[in-house]
Enquirer: 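Have a look at the structure that comes next, please.
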Amino acid sequence: MKNTTTLALTTLLVGSISLNVAAAQDWKDDAKDAWLDGKAETTLLLNTNLNSFDIMTDVKNGHVTLTGQVESSVDKALAAELIKSLDGVKGVDNKLTVMNEDEGTSEVVKTLTDSKVATVVKTRLLFSTDVSGTQINVDVADGVVTLQGEVASDAERQLALTIAKNTDDVKKVVDKIKVKTS
C-alpha cells in the first residue's frame with residue numbers, strides 16, 4: 001500500500017510539474033506575441049502614410065495577421081513590408097482589403113510599373129548579342145511598349161519585338177522599328 005501511495009504521489013507530482021512547465025511556456029509564448037503585437041501596432045501608428053486605426057493586428061506564435069481596410073494596394077503592401085521587417089516576426093498574413101479597388105491602379109503604381117517595364121525591356125535588348133539594343137528606343141505608357149529605331153534585318157526586328165512581348169506587365173507592343181536598306 002505504501003508503494004502504491006508513493007507511486008501515486010510521484011505521478012501526481014511529475015504531472016503537476018509538467019503542467020506548470022507547459023503553462024509557463026504558454027505564458028512565455030503569449031508574452032512574446034503580445035510584445036510583437038505592440039511593436040506592430042506602434043510601427044503602423046508611427047507611419048504617416050497609413051491610417052493605423054483602420055488596421056488590426058493579431059499575433060499567434062510569431063505570425064502576424066493584418067485585417068481591416070486601407071486606401072490602396074500600395075498601402076496594403078507597405079503595411080505588410082513594415083511588419084515583415086520587425087525582429088521576431090515569422091510571417092505575415094495580409095488580409096487587408098483595399099477600399100478603392102474599383103478605381104483601378106493608382107497613377108504612381110502605373111508610372112512605377114511602366115518605368116520597370118522600360119528598364120527590363122531595354123536591359124534585355126542590350127544584353128542580347130543578336131539585337132542592336134543601342135539602336136532601339138523603348139517607350140512605355142500604360143503597359144504599351146513602343147519600340148523605335150533601326151536594325152540590320154527583319155529577323156533582328158522580330159527578335160526585339162518578341163523580347164518586349166515576353167516581358168512581364170507588357171500589354172501590347174507597338175512596332176516602329178525600321179530595317180536598314182543597303
Side-chain angles (χ1 to χ4, degrees), residues 19-128 131 133 136-147 159-174:
L19 286 175
N20 286 338
V21 168
Q25 186 61 41
D26 286 346
W27 180 86
K28 186 177 177 184
D29 290 342
D30 289 345
K32 282 182 183 177
D33 286 345
W35 175 252
L36 275 178
D37 196 29
K39 283 180 19 177
E41 293 283 345
T42 302
T43 299
L44 294 172
L45 179 67
L46 295 176
N47 187 286
T48 58
N49 295 308
L50 298 171
N51 182 355
S52 63
F53 298 109
D54 292 336
I55 302 173
M56 281 65 69
T57 59
D58 183 43
V59 182
K60 182 79 172 160
N61 297 324
H63 293 272
V64 181
T65 301
L66 300 174
T67 55
Q69 294 182 331
V70 291
E71 291 289 324
S72 68
S73 59
V74 173
D75 290 347
K76 180 177 179 175
L78 174 61
E81 289 301 321
L82 287 169
I83 302 307
K84 283 179 191 174
S85 69
L86 296 175
D87 285 338
V89 172
K90 295 178 182 174
V92 176
D93 184 11
N94 192 347
K95 294 183 178 180
L96 292 170
T97 56
V98 178
M99 293 190 308
N100 297 326
E101 275 184 317
D102 295 336
E103 294 177 18
T105 310
S106 73
E107 287 304 312
V108 172
V109 172
K110 285 181 185 177
T111 301
L112 290 173
T113 302
D114 285 346
S115 295
K116 178 199 80 159
V117 167
T119 301
V120 170
V121 170
K122 187 64 175 179
T123 302
R124 291 180 69 200
L125 291 173
L126 289 170
F127 280 112
S128 174
V131 176
I136 300 172
N137 186 39
V138 178
D139 291 311
V140 183
D142 295 325
V144 177
V145 176
T146 302
L147 299 180
L159 179 57
L161 294 170
T162 303
I163 287 171
K165 287 176 187 173
N166 289 337
T167 301
D168 289 343
D169 298 318
V170 171
K171 296 176 185 172
K172 179 181 172 185
V173 177
V174 176

Enquirer: Counting only heavy atoms from other residues, nucleotides and ligands, does the tally under 6.0 Å from NZ of Lys90 exceed 12?
Expert: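 No, NZ of Lys90 has 12 or fewer neighbouring heavy atoms, counting only those of other groups under 6.0 Å.
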Enquirer: For Val131 and Ile136, what are the C-alpha separation, side-chain angles and deciding distance, and is it a side chain to side chain contact (heavy atoms under 4.5 Å, CB included)?
Expert: CA-CA 9 Å; Val131 176; Ile136 300 172; 3.7 Å; yes
Enquirer: How long is the straight-line distance from CG of Asp169 back to CG of Asp142, given to the nearest 0.5 Å?
Expert: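 Answer for the CG-CG pair, Asp142 versus Asp169, is 12.5 Å.
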Enquirer: Taking atom CD1 of Ile163 and atom CZ of Arg124, what is their separation to the nearest 0.5 Å?
Expert: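 Answer rounded to 0.5 Å: 6.0 Å.
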Enquirer: Start with the C-alpha distance between Asp168 and Val120, add both sets of side-chain angles, then the distance that settles side chain to side chain contact (heavy atoms under 4.5 Å, CB included), and finish with yes or no.
Expert: CA-CA 9 Å; Asp168 289 343; Val120 170; over 6 Å; no
Enquirer: For Asn166, what residues pass the side-chain hydrogen bond (donor to acceptor under 3.5 Å, both in side chains) criterion, not counting sequence neighbours?
Expert: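 Partners of Asn166 under the side-chain hydrogen bond (donor to acceptor under 3.5 Å, both in side chains) test: none.
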Enquirer: What closest approach, in Å, do Ile83 and Ala40 show between heavy atoms, and which atom pair accounts for it?
Expert: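 The pair with the smallest heavy-atom distance is CD1-CB, 3.6 Å.
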Enquirer: So how far is it from Leu45 CG to Leu50 CG, rounded to the nearest 0.5 Å?
Expert: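 Answer for the CG-CG pair, Leu45 versus Leu50, is 10.5 Å.
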Enquirer: Which value, rounded to the nearest 0.5 Å, describes the distance between Asn49 atom CG and Glu71 atom CD?
Expert: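 That separation rounds to 12.0 Å.
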Enquirer: Would you check if Thr162 and Val173 make a side-chain contact, meaning some heavy-atom pair closer than 4.5 Å?
Expert: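 In short, these two side chains do not touch, never coming nearer than 4.5 Å.
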Enquirer: Give me each pair satisfying side-chain hydrogen bond (donor to acceptor under 3.5 Å, both in side chains) with a member in residues 34-45, each pair once, sequence neighbours excluded.
Expert: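 Applying side-chain hydrogen bond (donor to acceptor under 3.5 Å, both in side chains) to every pair that reaches into residues 34-45, excluding sequence neighbours, yields Asp37-Thr57, Glu41-Thr57.
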Enquirer: Could you give the distance from CD (Gln69) to CG (Asp54), rounded to the nearest 0.5 Å?
Expert: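 Gln69 atom CD to Asp54 atom CG measures 6.5 Å (nearest 0.5 Å).
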Enquirer: Given the rule in the side chain to side chain contact (heavy atoms under 4.5 Å, CB included) test, do Leu66 and Asp93 qualify, once you have shown the distances and angles that lead to the verdict?
Expert: CA-CA 6 Å; Leu66 300 174; Asp93 184 11; over 6 Å; no
Enquirer: Val89 and Leu36: side chain to side chain contact (heavy atoms under 4.5 Å, CB included), yes or no, with the steps?
Expert: CA-CA 7 Å; Val89 172; Leu36 275 178; 3.9 Å; yes
Enquirer: Where is the tightest heavy-atom contact between Leu96 and Ala79, given as atom of each residue plus distance?
Expert: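 Heavy-atom minimum between the residues: CD1-CB, 3.7 Å.
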Enquirer: Could you tell me the separation between the NZ atom of Lys116 and the OG1 atom of Thr111, rounded to the nearest 0.5 Å?
Expert: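 Nearest 0.5 Å value for the NZ-OG1 distance: 13.5 Å.
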Enquirer: Give the minimum heavy-atom separation between Val145 and Leu147, together with the two atoms involved.
Expert: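 Minimum heavy-atom separation between Val145 and Leu147: CG1-CD2, 3.8 Å.
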